[in-house]
Amino acid sequence: MEYCVNEFNLKYEVSGPRHWGEDRTLLHEGRDLTAPTHWHESGFTIEQLFDSGSYETFSEHSRSLLINSWKNAGLIVDNSFNPDQYHTLTKDYQVHLKAVEKTKLLQVSDFPVPVRQIEERISEICKVSLVARNPFDGQSIFHFRVIRPMLSDNNPLHRDVWLEDYDNCINLYIPLAGSNEKSSLIIIPGSHQWPESRIEKTGSGAVIDGVKFNVPAVTALKGSYTFERPNPLPNQVLVFSPYLIHGGAINLNTDKTRVSIEMRLWKK
Ligand SMILES: [Fe+2]
């Protein structure tokens, strides 16, 4: 799969079988939480996250939670460590995987501010009452996504709804460190409305350069489209549809790890 974002040509090679999708539109079979908004055509928006006082608390608590998680993974790191230098701690892939285990599937009771604060803010943005609880499996979780520079830590291009239990939600990408025009999440605006027949993908979790991912990977696309890196700034949130094609976000910074919070909300 080859694609171009901000004049950078990107590419990943997928092994295994692939196929074109059926003539059906998954968004029409689920709940579109973007429907009441002015951004429903593009499927994403960038909005302010909190007032400046709450953001300061959020930012400080995120950093200490992240550093404690890395300490729990056995990394030697002090409290003043800058998270965008994480790659200097983990030269070894196994060490990195162990650290990733500690920064995913975190309970919302540990969210850096009371979770109702983010639920209320995102409900306001989506014009519907939302809660950070997955109705399919009852989980209330969030993750830190940690993408080292110039490495294949990122998911390939995909729709979240190709996985089980992500129908009907809305996705958040909150930048914490090293997130910029070279590293932030890649999306295809408007692709949440595409029929599956425009997309060729792998049959199950993709294998790229020997690394197995949970998500199937896009391997080819029909029609016209553009890729974007919306690049939310500090105290901004990227809110996007789980039906949107996204991912493939290689971190093109040579000296900065990208860290973001990933979280999903459903209608109350
Ligand atoms: Fe995703």
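Whatever order the structure lists them in is the order used to number ligands and atoms, beginning at 1.
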Between E196 and R159, is the salt bridge (Lys or Arg N to Asp or Glu O under 4.0 Å) condition met? List the steps. CA-CA 10 Å; E196 292 298 293; R159 294 191 203 266; 2.9 Å; yes
Please confirm whether the backbone N or O of S204 pairs with a side-chain atom of T202, one donor and one acceptor, at under 3.5 Å? yes
Among the N, O or S atoms of H158, the one nearest the Fe ion (ligand 1): NE2
Please walk me through it: do R116 and E119 pass salt bridge (Lys or Arg N to Asp or Glu O under 4.0 Å)? CA-CA 5 Å; R116 63 171 171 74; E119 288 173 338; over 6 Å; no
How about E262: does one of its N, O or S atoms come closer than 2.8 Å to the Fe ion (ligand 1)? no
In terms of the angle between their ring planes, are W266 and F136 parallel, tilted or perpendicular, with boundaries placed at 30° and 60°? perpendicular
Of all N, O or S atoms in D160, identify the one at the shortest distance from the Fe ion (ligand 1). OD1
